[in-house]
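Here the structure comes first, spelled out in structure tokens, and everything after it is commentary.
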Amino acid sequence: MSDKNQVNTAKLSSARFTEATDAFVEEFTASIMFDKRMYKQDIQGSVAHAHMLVKAGILNTEELNSIIDGLAQVEAEMASGKFEWSIAQEDIHMNIEARLTALIGITGKKLHTGRSRNDQVATDIRLYLRDEIDLILPAMKHLQEGIISLAEKEYDTIMPGFTHLQTAQPVTFGHHMMAWYEMITRDVERLVDCRKRVNSMPLGSAALAGTTYPIDRQITADLLHFDRISENSLDGVSDRDFAIEFNAFASIFMMHLSRFSEELVLWSSAQFKFIDLPDRFCTGSSIMPQKKNPDVPELVRGKTGRVYGHLMSLLTLMKSQPLAYNKDNQEDKEPLFDTVDTIKGSLRAFGDMIPAIIVNKEATYAAAKSGFSTATDLADYLVNKGLPFRDAHEVVGLAVAHGVQVKLDLSEMSLETLQGFHASITEDVFKVLTLEGSVAARNHLGGTAPRQVKMAIERAKAALKA
Ligand code: ARG
């Protein structure tokens, strides 16, 4: 035990230096404050590396077992919050190695044979991000299921569809929800695709050029469940485009959630009254007793900004960086971590909130009825009677102008009044002027007819099961 305690765990590279690192510089250049988040992945990578070193004849089994036991203890200390993090040890890699060496002696120092912190950190971030992606994907699926369940409940509920935020044509609430389902589904596809490039192993690139030891990268790749091994050591240590890609996915996803949020905020207002957000997702005002604020969607809308910001940070961080590793790269972690946290939080909030939304069918119906939303249906009706579409458009325009004046919807006008706009109009016009008739008529793949919404929901459910 006593000789182990004499093992020098002093700061890295100190032998070459004639003066100690300035205290401020030490703190300024350290990353332990944030990269400690990757301690599990760092240890996982080290265990795999140690196994490989045995196969390569660099470590013996006794040393391997000692390293594995030591790392297990370090991990336990970190997990329990008992570990004493050291700024002097700069980062997660050095903190772990120093503690391991203090625990098991000289063998701890052999672990770093054939690797560098440069390939080690690149490996850690990929393992970390892969773990997070594997948590984010099920959370996205939970959100997709929530959207589907609301769409199913409201598959034939009529609401106004908007363009320019003006009432355009009636749509079904289920159809509107399934539009969100489509967007989130594309986001899932993007993330699944991103994961392929995340899951490539840089370990073995060493500092930048590879290593002189007879390493076998396939062994570590298999142990760490990497699908690919990076093909070029310079690229291996310097590539961060997988992180940029993840942040690009996250930005698009948050953009979608911000649009979704905006609609929920509008719809839950006293002016729309389309939906009720369950109280548990809202807060009150400290001064206005009547207020129920849609804080969750507002916050998600707001948090979109920081995720865009992180994308810009990472792109700018990598811009013009010469090969290979540069200390700049240490700045990749905080934006990435915060993006992961933001995505996970937003997903949790949305996943729970969406299926609990209460739709006020009377309000959505009344709103659809009030904005001449079946005007296009009347135009289509006239086209069926033989009018060119442009003329039909003109006729309906006059009918709407009249409706605005006398405060009547097209469906509320008498047959005689309607015939005054065009003689070809007969009793059957009322079938197309009703909201139900209007949505039911859009009965093709991608249309808003309740029948189509039901089929879209079935397809979505089958896709989620697959
Ligand atoms: N803390 C460093 C990072 O996050 C680890 C790699 C350091 N490598 C080096 N050559 N200084 O990038």
Side-chain angles (χ1 to χ4, degrees), residues 9-17 20-22 24-46 48-49 71 74 78 83 85-101 109 111-132 198 200-211 220 224 230 233-244 246-247 310 313-340:
T9 55
K11 197 174 157 57
L12 179 82
S13 328
S14 55
R16 182 200 189 287
F17 286 66
T21 311
D22 180 273
F24 163 73
V25 171
E26 187 168 273
E27 184 146 3
F28 186 68
T29 55
S31 56
I32 188 60
M33 304 75 88
F34 48 86
D35 67 12
K36 60 182 169 190
R37 189 192 274 235
M38 307 190 300
Y39 76 87
K40 277 195 182 132
Q41 289 83 10
D42 192 78
I43 289 173
Q44 190 188 357
S46 287
H49 182 66
L71 286 174
V74 177
M78 289 179 170
F83 191 87
W85 305 100
S86 154
I87 296 256
Q89 292 300 339
E90 196 176 318
D91 57 24
I92 186 61
H93 326 294
M94 294 311 301
N95 267 264
I96 291 176
E97 190 184 316
R99 179 66 185 138
L100 175 70
T101 304
K109 289 178 160 186
L111 174 61
H112 211 52
T113 316
R115 76 173 183 190
S116 146
R117 281 188 298 158
N118 296 352
D119 59 343
Q120 192 179 354
V121 71
T123 304
D124 289 3
I125 312 167
R126 285 168 183 272
L127 288 173
Y128 158 80
L129 190 54
R130 189 182 70 185
D131 286 346
E132 293 294 357
V198 169
S200 170
M201 186 188 76
L203 195 62
S205 302
L208 77 164
T211 175
T220 33
L224 296 170
S230 65
S233 60
L234 296 165
D235 179 46
V237 291
S238 66
D239 163 37
R240 295 292 182 273
D241 55 49
F242 68 92
I244 296 175
F246 174 80
N247 225 310
H310 297 326
S313 296
L314 290 175
L315 281 168
T316 312
L317 168 66
M318 294 312 291
K319 179 185 176 293
S320 315
Q321 256 199 55
L323 290 174
Y325 176 86
N326 301 285
K327 184 75 170 178
D328 313 42
N329 285 0
Q330 184 166 291
E331 285 286 308
D332 63 354
K333 287 166 207 65
E334 287 163 292
L336 186 62
F337 293 165
D338 189 66
T339 293
V340 164

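Each ligand, and each atom within it, is numbered from 1 in the order the structure gives. For reference, positions follow the sequence shown, starting with 1.
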request  = For atom 8 (N) of ligand 1, grab the closest protein heavy atom and report residue, atom and distance to one decimal in Å.
outcome  = Asn118 OD1, 2.8 Å

message = On a heavy-atom basis, I'd like to know which of Lys327, Gln330, Lys333, Glu331 is closest to atom 2 (C) of ligand 1.
response = Gln330

request  = Could you tell me the separation between the CG atom of Asp338 and the CG atom of Leu336, rounded to the nearest 0.5 Å?
outcome  = 9.5 Å

note = Quick look: His93 vs ligand 1, heavy-atom contacts under 4.0 Å, and the answer is side chain

inquiry  = Hydrogens and angles aside, do Gln321 and Asn329 bring a side-chain donor and acceptor to less than 3.5 Å of each other?
reply    = yes

query = Considering only the protein, which heavy-atom contact is closest to atom 5 (C) of ligand 1, and what is its distance?
reply = Asp91 OD2, 3.5 Å

ask   = CD of Gln330: more than 12 outside heavy atoms within 6.0 angstrom?
value = yes

Atom 12 (O) of ligand 1: the protein heavy-atom neighbour that sits closest, reported with distance to 0.1 Å = Tyr325 OH, 2.4 Å

Min N/O separation Arg240 to ligand 1 under 3.5 Å = no

ask   = Between Glu90 and Arg117, is the closest basic N to carboxylate O distance under 4.0 Å?
value = yes

ask   = Is the closest basic N to carboxylate O distance between Lys333 and Asp124 below 4.0 Å?
value = no

request  = Using a strict 4.0 Å cut-off to heavy atoms of Arg117, name the atoms of ligand 1 that fall inside it.
outcome  = 6 (C), 7 (C), 9 (C), 11 (N)

ask   = What do you reckon, is NZ of Lys319 surrounded by more than 12 foreign heavy atoms closer than 6.0 Å?
value = no

remark   = Here the atoms of ligand 1 under 4.0 Å from any heavy atom belonging to Ser31 are 1 (N)

